[in-house]
2 protein chains.
Amino acid sequence: MDSAPPSTRRQRRGSGGITLGDVARLAGVSPITASRALNTPAQVSPETLARVHEAVARTGYVPNRLAGGLASARSRLVAAVVPTIAGPVFMEMVQSLTSALADAGYQLMLGQSGYADSREDALLEAIIGRRPDGIVLTGIMHSAEGRRRLLASGIPVVETWDLTPTPIDMLVGFSHTQAAAAVVQHLHARGRRRLALLSGDDERALRRNRGFVDEALRLGLIAEPAELPVHLVPAPTTLGSGRAGLARLLQLAPATDAVFCSSDLLALGVLTEAAARGIEVPGRLAVVGFGDLAFAGDTHPALSTVRIDGTAIGQRAARCIVDRAEGRPVEQKVLDLGFQVIQRASS
Amino acid sequence: MDSAPPSTRRQRRGSGGITLGDVARLAGVSPITASRALNTPAQVSPETLARVHEAVARTGYVPNRLAGGLASARSRLVAAVVPTIAGPVFMEMVQSLTSALADAGYQLMLGQSGYADSREDALLEAIIGRRPDGIVLTGIMHSAEGRRRLLASGIPVVETWDLTPTPIDMLVGFSHTQAAAAVVQHLHARGRRRLALLSGDDERALRRNRGFVDEALRLGLIAEPAELPVHLVPAPTTLGSGRAGLARLLQLAPATDAVFCSSDLLALGVLTEAAARGIEVPGRLAVVGFGDLAFAGDTHPALSTVRIDGTAIGQRAARCIVDRAEGRPVEQKVLDLGFQVIQRASS
DNA sequence: GTGAAAGCGCTAACAA
DNA sequence: TTGTTAGCGCTTTCAC
């Protein structure tokens with residue numbers, strides 16, 4: 001009862017590794033029992049459990065999750081797409097996402113879309129091909145093609161860092177428009193009247209800029225949108241572009257008394273350039289960043305900024321996906337985590 | 001020849017998605033031909049190819065790589081382990097790794113080990129379970145258990161950011177000892193005599209510290225190791241710990257005229273604290289960082305540092321793994337990419 | 001609590 | 001160039 005005649009046997013030696021079958025044989029049980037011992041131990045008698053565990057220990061068996069995923073249609077893989085990991089902005093989210101998923105037994109696959117949408121399609125295909133149990137998007141998916149593919153894939157999707165009335169599936173974010181408006185109000189309350197914008201050219205930053213201009217109009221700080229000095233720099237933003245940006249802005253509008261930067265790094269650049277030029281902050285110039293990165297409280301002067309809780313975004317996104325994967329109802333499909341204007345010395 | 005009596009038929013509806021079989025049927029070919037059309041188009045006639053591609057387009061078929069990986073024993077997945085992605089240090093490498101792998105049709109799985117080795121074991125199991133085609137480690141694997149498991153898995157491993165005479169498999173790194181010695185020489189040449197160290201407490205930083213002390217001894221800057229003021233801060237290092245660190249160092253050794261920091265972020269903190277205290281850099285204090293992050297050239301004053309080419313490390317690591325996965329010979333199993341002391345205004 | 005059979009979706013091996 | 005067959009290693013379904 002061992003093998004057919006070797007002459008007619010197809011050849012296909014496995015990868016050579018230990019399989020669940022080997023473990024089962026060593027433990028003297030059937031493969032499915034070994035599987036249950038590892039996955040649903042409650043269904044197995046204590047002695048059997050012990051024997052299987054011993055066999056695992058002796059062999060150094062590591063389950064093949066590719067095979068498991070194929071058989072169970074659950075890969076325990078979650079994909080995250082970020083514009084770039086070179087910027088520190090999304091790191092906090094990715095970090096907490098990785099941890100939260102690891103705690104639940106899921107692994108993170110990372111994809112970079114670049115700020116341009118060119119490679120997004122290939123990336124989406126690569127991701128969907130792995131049949132992840134969930135996809136976390138940074139920002140919202142705009143291309144109709146992309147939305148359709150995601151929808152068609154049937155994979156749970158969480159869009160993050162943004163709000164939209166028409167999410168693909170789930171959403172964890174905050175309102176960029178409101179955040180910018182809150183900054184205008186803050187600066188206005190601090191007596192600033194000649195505001196300016198220094199901003200990356202990515203979509204979310206541009207949306208904040210619109211919110212900023214609108215609120216400035218509403219408060220009567222400007223009479224028409226074009227009055228507000230704006231300087232755009234290419235994303236991802238850097239300290240260097242912050243320095244150059246302030247220089248340019250002061251050329252455009254020397255009387256500027258407050259700058260709202262689209263990232264803390266940009267704001268740090270502004271602080272640096274101001275220091276280098278002997279411009280007093282906040283005396284002559286107020287500076288507000290965005291993101292509340294770890295360093296924001298330790299700059300000189302300490303940087304006012306808008307706090308976005310990347311950790312919370314990552315955790316909630318992980319929760320959404322894990323809940324869905326485990327068949328639990330998702331508490332909230334759309335979640336506005338808000339933001340917080342943090343006033344420090346720079347304004 | 002279609003189906004057995006329904007009564008005895010096992011039930012197991014698939015995931016419901018489009019499969020290669022569906023595509024093949026639509027194109028009027030066998031599944032394996034469809035497979036070849038997608039994977040090795042050269043083996044298929046032009047007309048067949050066209051028909052298959054059309055069928056793919058019509059159905060929106062996305063190949064299931066879990067199944068493909070299982071069947072071919074090639075997952076086209078590569079795992080990377082970093083201590084944390086919260087620090088910007090390894091981002092450059094991860095970024096270039098992601099891109100280089102994506103270009104070759106591989107996807108990156110990201111794992112965080114934390115600076116402590118506690119979770120490393122669980123992480124290793126999670127990774128090996130996916131049967132990646134390669135594993136990129138940040139730093140070298142120390143735990144004997146970990147080394148054994150990796151070796152036993154048979155998966156190609158690249159250790160990075162370090163050199164060791166006994167790599168598990170492949171290695172792309174540089175010498176921390178030599179880098180630190182080069183910094184001592186640089187500071188010595190610039191006339192500095194009272195050196196100090198401000199450093200994270202991670203293993204590689206500590207190794208640099210030893211190299212730093214050794215070289216200082218050799219040059220006669222100190223008579224014994226304990227003479228050199230050292231302040232350790234917990235990794236990951238931050239701008240804030242740099243500020244606090246300088247404060248502490250000046251308490252310990254007020255006459256210090258040069259500080260070597262274990263990261264650029266720490267160094268930026270030192271610059272910040274020095275500015276806040278009115279300490280002239282480089283006049284009274286020279287500052288050297290480590291990493292040459294994007295911002296280093298734009299600080300005020302511009303930061304001298306040690307350039308580590310993270311992009312190159314990522315690319316070479318990707319190349320090593322892809323070569324191995326595709327069955328090509330690996331050019332160099334051990335690669336010392338070196339480093340470069342970059343002198344800027346801060347020293 | 002345990003097991004036998006079937007099959008997840010794909011590709012390697014062999015055959016024509 | 002195309003097809004047939006037999007798995008990859010696991011888990012589902014059904015049966016005891």
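The sequence lines fix the lettering, A, B, ..., with proteins before strands; numbering per chain opens at 1.
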Short side-chain to backbone donor-acceptor contact, B/Thr59 and B/Ala55, under 3.5 Å: yes

Rounded distance (Å) that lies between atom C1' of C/dG3 and atom CZ of A/Arg25: 16 Å

Ion pair A/Asp169/A/Arg324, N-O distance below 4.0 Å: yes

Sidechain-backbone polar pair: A/Asn39 side chain, A/Arg36 backbone, donor-acceptor under 3.5 Å: no

Interatomic distance, A/Ile18 CD1 vs D/dC8 C1' [rounded to whole Å]: 16 Å

Between C/dT11 (C1') and B/Leu20 (CG): distance, integer Å: 9 Å

From CG (A/Leu337) to CH2 (A/Trp161), nearest 0.5 Å: 10.5 Å

Just list the side-chain donor-acceptor pairs under 3.5 Å for residues 124-131 of chain B, sequence neighbours left out, or say none.
from, atom 1, to, atom 2, distance (Å)
B/Glu125, OE1, B/Arg149, NH2, 2.9
B/Arg130, NH1, A/Ser75, O, 2.5
B/Arg130, NH2, A/Arg76, O, 2.7
B/Arg131, NH1, A/Val62, O, 3.4
B/Arg131, NH1, B/Ile128, O, 2.9
B/Arg131, NH2, A/Val62, O, 2.8

Integer-rounded Å distance: D/dC10 P and A/Tyr61 OH: 3 Å

Residues in contact with DNA chain D, drawn from residues 28-40 of chain A - heavy-atom cutoff 4.0 Å: A/Ile32, A/Ser35, A/Asn39

Heavy-atom donor-acceptor pair, B/Thr40 side chain to B/Gln43 backbone, under 3.5 Å: no

Whole angstrom value for the distance that separates C1' of C/dA6 from CG of A/Leu70: 13 Å

Residue B/Thr19, side-chain heavy atoms: nucleotide from D/dC8, C/dC10, D/dC10 that is nearest: C/dC10

Pairs where residues 55-67 of chain A contributes a residue and the test salt bridge (charged side-chain N to carboxylate O under 4.0 Å, His left out) is met, not counting sequence neighbours: A/Glu54-A/Arg58

A/Ser72 vs D/dC10: side-chain N/O to OP1/OP2 distance below 4.0 Å: no

Integer-rounded Å distance: D/dT12 P and A/Arg74 CZ: 9 Å

Phosphate OP1/OP2 of C/dT2 contacted by A/Thr48 side-chain N/O (<4.0 Å): yes

Protein-nucleotide distance (A/Gln43, atom CD; C/dG3, atom P), rounded to Å: 13 Å

Integer-rounded Å distance: C/dC8 P and A/Arg131 CZ: 14 Å

